[in-house]
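Here's the structure, in structure tokens; my notes come after.
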Amino acid sequence: MPKRTDIDTILLIGSGPIVIGQACEFDYSGSQASRALMDEGYRVVLVNSNPATIMTDPMMADKVYLRELTPASIRQIALEEKPDAVLPTMGGQTGLNLAQELKEENFWDDHGIEVIGVDIDAVQRTEDRQEFRDLMEDIAIDQARSRTAKSLLEAKEITQELGGLPVVIRPSYTLGGSGGGIVWSADEFESKVTRGLEMSPVHQVLIEECLFGWKEYELELLRDPNDNVIIVCSVENVNPMGVHTGDSVTVAPQQTLTDKQFQRMRDAAIRAMNSIGNFAGGCNIQFAFEPGTGRMIVIEINPRVSRSSALASKATGYPIAKVATKLAVGYTLDELPNEITGDTSACFEPSLDYVVTKIPRWNFDKFEGVDEELTTQMKAVGEVMAIGRTFPESLQKAWQSLEIGYAGLGADREDPDRDTVRDRLKKQYWDNLLHVRHALRAGASIEEIHDVTQIDPWFLYQIQDLVAVEEEIRACVLDQIDARQMKRIKRFGFSDEQIAFLVQDDVTDDEVRTYRKGLDVTPSYQVVDTCAGEFPAETPYFYSSYETASESAVTDANKVLILGSGPNRIGQGIEFDYCCVHGVKASREMGYEALMVNCNPETVSTDFDVADKLYFEPVFWERVLDIIDLEEPEGVILQLGGQTALKLAERFVEHGVDILGTDYEMMDLAEDRGKFSDTLKKLEIPFPPYGVAHTVEEAVDTAERIGFPILVRPSYVLGGQGMRIAINQEEVAEYVENILDIFPENEILLDRFLEDAVELDVDAVCDGDEVWITGLMQHIEPAGVHSGDSTAVLPPFSLSDEVQDTIRQYVRDIAFELDVVGLLNVQLVVKDNVVYVIEANPRSSRTVPFVAKATGIPIPAIATKVMLGEKLATFRERGDLESDLEGYAIKEPVFSWDKFPEVPKELGPEMKSTGEAIAFVDALSDKHFQRPYEMKDLYLSR
């Protein structure tokens, strides 16, 4: 049946600040949902408190409320806007919990607001562990043996009934496995159960038989109002049961089930989805198989768009959230077109002729003393996705995407010793597959590794194939590799950097590239078409491989290539995706063909209909240069992709690729402490005393000369990685040793730390002729707390007009001296009314989206047009630079401490927050200002 005409205004609830377990994949889903509803002519009212995401951009809905996500806030907005319906399924657990709470108090019914896209009672049935258990028993789907406990005593009795330890703890109504885990021994039982009971909103936990070592699978489904159900995507976890799916390496489509087993899982999924309630929309179901017996059990059902929905959408090209939204307003699957092909309908299940590998991205280095073992509670902060024709190829590309210094799955450095490998394989750690490779290189058998890791032998054999190809390369000097062998090597995903390391002669990756191109071995680009090539695709969504023919048709248009920011991590998150989406849109408005390269499946920038062409590829030197060789763009935009893009700047210059906006030399000058300090001296701008060191001894001597306390940090990092405040020689030595372990040969910067000083962030745009100061943000916390962890207030709340004028003048002077074209972020401190400049970054900053949302001005879009030649005067004459901010906007950092209970809640110069919220206040007496102001010194550590 066609869409509903009895509803006009729809309230869409977002997921709030990014935390571990609920990140920007829900902003991607929410953005898709909003666009889908607006396309259908509905009026969309959107509420979300996250300023960093494109979802809360004014262009994404008819009315956007940047408000905190509480029942009171939702009630107020609903009474103001009088929606006919509410769609809560795109807001993760946050959205569902709010919808449920308001349903229980009859708010929706009392005000004639229909909940669409989900059956709230169905959520109750799936979230309540005992109800879900009873329901699955009714439809004859097996489950793990388990019972719900509401007390420690009850938990002990149930554990005894299940045959003793180990058992799994699963708190009810929590996100990302919060409070859950495997209890292996009696001495940890009490603390883990108690924590689970405390963290569950209803104070109950499921005590479940331990299925460690079983194989785990996920299915993404859609159901329409006529009860038609399709399986959009199957996903297999490479890690065995016991590791949260958000922390597991996953592969799509599933690889190791027999056809009979897969059909059994499909049938059970459809039966389960049809049993949980009457709703049209998306659903995620997880199953486990016992390897020896083939026993299949259902683990859980999420009757909403899930974390995996974004991955499944990008893996298949099927826009799950968009289709789920249209199903929620009355359409059936057969009425909706497949947007990728244009010829088929949405009821055709996607078919994949490639393999997708997802690897999570962790930030354990940010949390001192953290337990790195992966369990049922999620710990990852982001993820990468890679597409290849085979699992080995996509696995290598995923490792290239992670941005942790690897050029693939090893084979780019010396192997670690056997003891290290043995220790890292004993438990489930993030780098398991890398150490599987090391173990195979050291002579371990598949059987031995499977016995220790419980990873399915099929995956181990695939890695063994990679090791065999490595050995072939090691036996050669470069010019012994002919075209046929080179193509075979590249089809296994080996990068030029890996080949350069492995061959017997001493060559660079550039030399391997030149030799490879001389053999006419270059990548082809295949289209993601949802139908394994059966129908032609209309959307330009590509991945690279080494096939015989390329499916990417190159046009004669003027093009720009925009580099994305790769996987989300602490210090570089969704803010840069926001900037990239605006950059793409602005480039298209300027008449350019906008090309996007990124590998993050959670983001809007990797949606297939955002850019003119999307290359879902690692933001890795070789992969990016391959795209440039093919497309020959006018230039590349680096300023929007954070440190990820900037790291490649020098190599672009070496290869004659134009960087649009600020020159690389000036970006480098800003990063080079010595050169930048000389610039500040020339401009007569004060800065704290500093020094540079390359060894521990040099650092200690420099610190003595400068004086304590002193800020110690590596150069060229984002999010304050490795940054510490030292108060004596011993601490300087310790911190520098730690930095050199993580960043060998990195330059160490040492700055005198100004105590009890006020810190500021300033964002600006420069076109070469004038500087537009977009916002001055004063931090509530003292200098020493990283800007990303600080509560920031726009405009400043306690600085004199004279000090603010000085700050603006310094920023203008720096912008002109660095010949900035585009964005600039400057960090300053004020002590005793003297303004000191700490650093300047001629690129997009973490705060750009916050300032854009606070002022109502699309800053990255304007900056992109400036990079492409537009002048600020044009925007000023149109009134585009006028802020509509009244009162104050406050940026509130959000932390995920609950995932790391063993880590002290200390703040310092290294960033630890995972997300942020925005609050608009009229006066500084508001709780959003008063609460952090009262506690501003509490957590400052080193």
Side-chain angles (χ1 to χ4, degrees), residues 12-31 46-57 60 64-74 77 88 90-98 174-176 178 246 307 310 363 366 378-382 568-578 600 602-604 719 777 779-781 785-794 845-854 889-900 905 907 911-921 927-929 931-932 939:
L12 187 62
I13 303 176
S15 58
I18 286 174
V19 292
I20 292 174
Q22 184 169 280
C24 58
E25 58 271 24
F26 292 104
D27 289 308
Y28 162 70
S29 299
S31 299
L46 190 153
V47 55
N48 200 0
S49 57
N50 188 342
T53 166
I54 195 73
M55 183 187 182
T56 52
D57 197 78
M60 296 306 295
V64 176
Y65 283 91
L66 277 156
R67 299 256 186 97
E68 59 188 340
L69 294 173
T70 61
S73 171
I74 303 295
I77 292 164
M90 304 295 161
Q93 198 70 41
T94 300
L96 280 181
N97 287 352
L98 284 166
T174 63
L175 192 77
S178 287
R307 184 186 314 99
N363 262 139
K366 295 282 183 185
M378 186 173 166
K379 296 178 180 179
V381 294
N568 279 18
R569 70 214 80 157
I570 293 174
Q572 182 170 296
I574 193 176
E575 317 78 8
F576 295 98
D577 180 66
Y578 167 84
N600 187 340
E602 301 177 299
T603 59
V604 175
M777 288 149 281
H779 300 179
I780 290 179
E781 289 81 4
V785 173
H786 190 278
S787 59
D789 288 349
S790 298
T791 311
V793 182
L794 175 73
S845 72
R846 190 180 305 101
T847 46
V848 163
F850 166 73
V851 180
K853 302 296 170 61
I890 300 179
K891 177 182 76 74
E892 303 173 312
V894 174
F895 301 87
S896 294
W897 298 121
D898 61 317
K899 301 294 182 189
F900 307 114
K905 297 178 180 63
L907 300 181
M911 185 173 165
K912 294 178 179 176
S913 63
T914 53
E916 62 190 47
I918 191 171
F920 293 93
V921 305
K927 66 177 182 179
H928 290 283
F929 179 85
R931 193 171 54 231
Y939 291 119

Practice problem: Take T847 and S787 through the test side chain to side chain contact (heavy atoms under 4.5 Å, CB included) and record every step on the way to the result. | Solution: CA-CA 9 Å; T847 46; S787 59; over 6 Å; no
Quiz item: Could you walk me through whether H786 and L907 pass the side chain to side chain contact (heavy atoms under 4.5 Å, CB included) check?
Solution: CA-CA 8 Å; H786 190 278; L907 300 181; over 6 Å; no
Exercise. Take N50 and M55 through the side chain to side chain contact (heavy atoms under 4.5 Å, CB included) test and state the conclusion after the steps.
Key: CA-CA 9 Å; N50 188 342; M55 183 187 182; over 6 Å; no
Practice problem: Test side chain to side chain contact (heavy atoms under 4.5 Å, CB included) on F895 and K905 and set out the steps. | Solution: CA-CA 9 Å; F895 301 87; K905 297 178 180 63; over 6 Å; no
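Interatomic distance, D577 CG to Y28 OH, rounded to the nearest 0.5 Å: 11.5 Å. Rounding to the nearest 0.5 angstrom, the gap separating the CD1 atom in I918 from the CD1 atom in I890 is 9.5 Å. Atom CG of L98 sits about 11.0 Å away from atom OG of S15, to the nearest 0.5 Å. Atoms CE and CZ, on M378 and R307 in that order, are 4.5 Å from each other to the nearest 0.5 Å. The distance from the CG atom of L69 to the OG1 atom of T94 is 6.5 Å, given to the nearest 0.5 Å.
Within the 3.5 Å criterion, the main-chain N or O of S913 finds a donor-acceptor partner in the side chain of D789. Side-chain atoms of E781 come within 3.5 Å of backbone atoms of T791 as a donor-acceptor pair (strictly under, hydrogens ignored). Panel note: side chain S49, backbone A917; no donor-acceptor pair is recorded below 3.5 Å. With hydrogens and angles ignored, the 3.5 Å screen pairs no side-chain donor or acceptor of S790 with any backbone N or O of A792. Between the side chain of T914 and the backbone N or O of I18 there is at least one donor-acceptor pair closer than 3.5 Å. Under the 3.5 Å distance criterion, the side-chain polar atoms of E602 are left unmatched by any main-chain donor or acceptor of N600. Under the 3.5 Å distance criterion, the side-chain polar atoms of E892 are left unmatched by any main-chain donor or acceptor of A919. Side-chain N or O atoms of R846 include none that pairs as donor or acceptor with a backbone N or O of E575 at under 3.5 Å. Of the possible polar contacts, one joining the S31 side chain to the D27 backbone as a donor-acceptor pair under 3.5 Å is found. Listed for the S29 side chain is a donor-acceptor partner under 3.5 Å among the backbone atoms of E25.
Looking only at atom types and distance, the side chain of K853 has a donor-acceptor partner in the side chain of T56 under 3.5 Å away.
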